[in-house]
Amino acid sequence: MYKKKLKDIYAVLLREKMLKEVIIQQQWHITLPDHPIVDHVFHSLSYDSREADEATLFFCKGQQFKEVFLEQAVTGGVKVYVSEQPYDSIDAVGLIVTDIREAMAMIAQFFYDHPENKLTKIGITGTKGKTSCAYFLKDSLEQATNHKTALFSSEETTLDGVHYTRSHLTTPEALDLYKQMAKAVENGLTHLVMEVSSQAYKTKRVFGLTFELGIFLNISPDHISPIEHPTFDDYLYCKRQLIQHSKQMILNADSDYFELLAETCTLYHVPYVTFGRSLTVDVEIQDATDTRSFDLIAHTLSFSDLEGGYRLAILGTFNHDNATAALLVSHLLGFSEKISRQAIANTVIPGRMHVIDEPNQPLILIDFAHNYLSIKAVGELGHHLRPNGKVIILTGSTGGKALSRRADIAKALSEIADEAILTSDDPNFEDPAAIAKEIISHIDNDALSITVETQREKAIAIALSHATTEDIVAICGKGTEKEMKINGLGEPYPGDYEVVQQLLN
């Protein structure tokens, strides 16, 4: 359906000042020579040599890219490649650019006829709660737009509002991102709810993209490792890029570094509204005794329609922040407050806060919680629900990335857990026992009982066996995921919910 000529791609790169040179028949040019290749037509964009052919514009991207991948693509028929460096030995036309990731974004926008301009885009960032907020908002907008809302989340993707597929990245690579947007536009969708990760800005997946509305939920150290963010400063800076690339922001005034976020909005002339639990915000949240219920109090006339009580289908006062942000978006877009309130009351989120409450059993919470903020929030909920019981938290940490998370998990366990069961959570090429040992080295609570069992199903059995009917067992990290990443492969795993059901039965 989409097709563009080489000379058109060249014009985009030249206009954006991204072009260094063009290589044709081993000769370097800055202008296109009189050659038949300039009218070569592309029908697809790809960075995967396995799916490239003569009609593919091929991108050489990533630190792990090797010349052999380009050789494979050319063998498959590729005539033109885009790269930051020339490959003189390759028999193909080279478009050599200043930044491959920026070029991918700009070319993808052009190739797919700028689908980003045909959608109302809402970007959500934060250390925790992005997916929950995305589902609250997706359900709210679906009702308001008659199912014309796309969703790009870390859990699922929908391009037609009906069919859902498992997501591979929180924010897709630029070529995939605009291809998905184009498909959503083809399907008649008008709105897009999208999680925007720190890596999306770090690796320029969303370069050149402006959101109609941005949401900043919260911030705490996470995703700090040699292959992600070298420091918390870098992590926070990347998160804050959403502010500069949004027309209006919604800020959680209870977040750490809120003053910095508000200053950033002011500096870049981005209007913002606030919510939180103080009298100085635009919309105040008042948590009810029932963790499914809350009240909103508007402190400005423009938000008076939001005042009143609300109820959610899932537990946790921390979800009130996510739901409030979703309601604010609907309000700012001019949709019915009543429809939004009814929609969020029925929202169920895959892998988030599944509750198993059966007679003569401990109360079991299954959640995707995997960092300090989220694990602490689940533990606090456990103490709230069963104040006379102990809170047993089962968790682990991923291998090869987010290395700082291990100390943060230890901090959460030290502060909130009565007992900790440490196990595997996508250890990949690392030894899960070594990961558990590293978490233990950071625990600062001598009274905390700790058990290590690297076989996750056995660990869940141990957690349940240690609990009385008065206790809470919080199983954190995997949610509904059906595989465990080990040695670079996704090994089959039943999922925490299924394991618990089997053990209870």
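Treat the numbers as computed from the prediction; the structure is a model and nothing was measured. All heavy atoms count here, side chains included; hydrogens, waters and symmetry mates do not.
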(message) If you define the side chain from C-beta out and look only at heavy atoms, does anything of Ile314 sit under 4.5 Å from Arg292?
(response) no
(request) Please say which of Lys179, Lys61, Lys204 ends up in a salt bridge (charged side-chain N to carboxylate O under 4.0 Å, His left out) with Glu173. (result) Lys61
(request) Find out whether Asp321 and Phe275 are in side-chain contact, i.e. whether some heavy atom of one side chain is under 4.5 Å from a heavy atom of the other. (result) yes
(message) So Tyr310 and Leu327, do their side chains get closer than 4.5 Å, heavy atoms only?
(response) yes
(request) Apply side chain to side chain donor-acceptor pair (under 3.5 Å) to Ser140 and Ser340, showing your working. (result) CA-CA 5 Å; Ser140 178; Ser340 299; 2.9 Å; yes
(message) Closer than 4.0 angstrom, basic N to acidic O: yes or no for Lys121 and Glu116?
(response) no
(request) Check whether any side-chain heavy atom of Leu213 lies under 4.5 Å from a side-chain heavy atom of Leu332, and answer yes or no. (result) yes
(message) Using side-chain contact (heavy atoms from CB on, under 4.5 Å), reason through Glu212 and Ile122 one step at a time and then give a plain yes or no.
(response) CA-CA 6 Å; Glu212 278 66 38; Ile122 303 96; 5.9 Å; no
(message) Counting neighbours of OH on Tyr237 that are heavy atoms of other residues, nucleotides or ligands and sit closer than 6.0 Å, is the number greater than 12?
(response) no
(message) Ring-plane angle category for His320 and Phe294, please: parallel below 30°, perpendicular beyond 60°, tilted otherwise.
(response) parallel
(request) With sequence neighbours left out, write down each residue that passes salt bridge (charged side-chain N to carboxylate O under 4.0 Å, His left out) with Asp290, or none if nothing qualifies. (result) Arg311
(message) How close do Gly161 and Glu142 get, counting heavy atoms only, and between which atoms?
(response) O-OE2, 3.3 Å
(message) Atom OH of residue position Tyr497 - does it have more than 12 heavy atoms of other residues, nucleotides or ligands inside 6.0 Å?
(response) no
(message) Once rounded to the nearest 0.5 Å, what's the spacing between atom CG of Leu242 and atom CE of Met194?
(response) 9.5 Å
(message) Using the ring pair (Phe, Tyr, Trp, His ring centres under 6.0 Å) definition, which of the options Phe335, Phe211, Phe152 pairs with His191?
(response) Phe335
(request) Please say whether more than 12 non-hydrogen atoms of neighbouring residues, nucleotides or ligands are located less than 6.0 Å from NZ in Lys183. (result) no
(request) Indicate yes or no: does Arg352 engage Glu155 in a salt bridge with an N to O separation below 4.0 Å. (result) yes
(message) Please check: side-chain N/O of Ser132 versus main-chain N/O of Asn319, any donor-acceptor pairing under 3.5 Å?
(response) no
(message) As an exercise, state the distance from OG1 of Thr468 to CZ of Arg386, rounded to the nearest 0.5 Å.
(response) 8.5 Å
(request) Measure across Gly382 and Val391 and return the closest heavy-atom pair with its distance rounded to 0.1 Å. (result) C-CG2, 3.9 Å
(message) Rounded to the nearest 0.5 Å, what separates atom CZ in Arg240 from atom SG in Cys265?
(response) 10.5 Å
(message) Is it true that, when you exclude Lys482 itself, more than 12 heavy atoms of the residues, nucleotides or ligands shown sit nearer than 6.0 Å to its NZ?
(response) yes
(message) Are Phe303 and His331, when compared by the centres of their aromatic rings, separated by less than 6.0 Å?
(response) yes
(request) Check the surroundings of atom NZ in Lys148: do more than 12 heavy atoms from other residues, nucleotides or ligands lie under 6.0 Å from it? (result) no
(request) Report yes if some heavy atom in the side chain of Leu141 is under 4.5 Å from a heavy atom in the side chain of Ser330; otherwise report no. (result) yes
(request) Could you grab the distance from atom CD1 of Ile224 to atom CG of Leu403, nearest 0.5 Å is fine? (result) 10.0 Å
(request) Find the distance between CD1 (Ile416) and OH (Tyr372) and round it off to the nearest 0.5 Å. (result) 8.5 Å
(request) Decide, yes or no, whether a salt bridge links Lys478 with Asp426 under the criterion of side-chain N to carboxylate O below 4.0 Å. (result) yes
(request) Report, as yes or no, whether the 6.0 Å neighbourhood of atom CZ on Phe232 holds more than 12 heavy atoms from other residues, nucleotides or ligands. (result) yes
(message) Give me the atom names and distance for the closest heavy-atom approach of Glu195 to Ala134.
(response) CG-CB, 4.2 Å
(message) Less than 4.0 angstrom from a charged side-chain N to a carboxylate O is my criterion; do Arg406 and Glu438 meet it?
(response) yes
(request) Search all heavy atoms of Ile409 against all heavy atoms of Gly396 and return the closest pair with its distance. (result) CD1-O, 3.3 Å
(message) Please tell me whether Asp176 and Tyr47 have a donor and an acceptor in their side chains that are separated by less than 3.5 angstrom.
(response) yes
(request) Verify whether one side chain among Thr157 and Ser167 offers a donor that lies under 3.5 Å from an acceptor in the other. (result) yes
(message) Nearest 0.5 angstrom please: Asp222 CG to Asn371 CG, how far?
(response) 4.5 Å
(message) I want to check something: taking the side chain as every heavy atom from C-beta on, are Pro115 and Tyr178 in contact at a cut-off of under 4.5 Å?
(response) yes
(request) Might you work through the salt bridge (charged side-chain N to carboxylate O under 4.0 Å, His left out) test for Glu156 and Arg166, ending with a clear yes or no? (result) CA-CA 5 Å; Glu156 292 179 311; Arg166 179 72 182 273; over 6 Å; no
(request) Could you tell me whether Lys390 and Glu419 have a side-chain N and a carboxylate O separated by less than 4.0 Å? (result) yes
(message) I'd like to check Val329 versus Ile215 (side-chain heavy atoms, cut-off strictly below 4.5 Å). Are they in contact?
(response) yes
(message) Less than 3.5 Å apart, any donor N or O on the side chain of Thr131 or Ser153 sitting next to an acceptor on the other?
(response) no
(request) Using distance alone, with no hydrogens and no angle criterion, decide if Asp425 and Thr398 have a side-chain donor and acceptor under 3.5 Å apart. (result) no
(message) Under the rule for side-chain hydrogen bond (donor to acceptor under 3.5 Å, both in side chains), what residues qualify as partners of Thr158, not counting sequence neighbours?
(response) Asp160
(request) Decide if atom CG of Leu267 counts as having more than 12 heavy atoms of other residues, nucleotides or ligands within a radius under 6.0 Å. (result) yes
(request) Spell out, as yes or no, whether a donor-acceptor pair under 3.5 Å connects the side chain of Glu481 to the backbone of Glu483. (result) no
(request) Flag yes if more than 12 heavy atoms outside Asn360 fall under 6.0 Å of its CG atom; otherwise flag no. (result) no
(message) What I'd like to find out is whether the side chain of Val283 reaches to under 4.5 Å of the side chain of Val273, using heavy atoms alone.
(response) no
(message) Using the rule given for side chain to side chain donor-acceptor pair (under 3.5 Å), can you reason through Thr291 versus His384, listing the C-alpha separation, both sets of side-chain angles and the distance that settles it, and then say yes or no?
(response) CA-CA 9 Å; Thr291 66; His384 175 82; 5.4 Å; no
(request) For residues Leu236 and Leu260, report the shortest heavy-atom separation together with the two atoms involved. (result) CD2-CD2, 3.9 Å
(request) Check the pair Lys411, Asp444 against side-chain contact (heavy atoms from CB on, under 4.5 Å), reporting the backbone distance first and the verdict last. (result) CA-CA 7 Å; Lys411 181 182 178 183; Asp444 184 23; over 6 Å; no
(request) Verify side-chain contact (heavy atoms from CB on, under 4.5 Å) between Leu422 and Ile450, making sure each step is shown before the conclusion. (result) CA-CA 7 Å; Leu422 299 178; Ile450 304 171; 4.1 Å; yes
(request) May I ask you to decide whether Lys401 forms a salt bridge with Glu228, counting only side-chain N to carboxylate O separations under 4.0 Å? (result) no
(message) Using the ring centroid of each side chain, check whether Tyr201 and Tyr235 are separated by less than 6.0 Å.
(response) no
(message) Please determine whether side-chain contact (heavy atoms from CB on, under 4.5 Å) holds for the pair Ile356 and Ile366, giving the CA-CA distance in whole Å, both sets of side-chain angles, and the decisive distance to 0.1 Å.
(response) CA-CA 8 Å; Ile356 300 177; Ile366 300 173; 4.0 Å; yes
(message) On a heavy-atom basis, which atom in Leu159 and which in Leu189 lie closest, and how many Å separate them?
(response) O-CD1, 3.2 Å
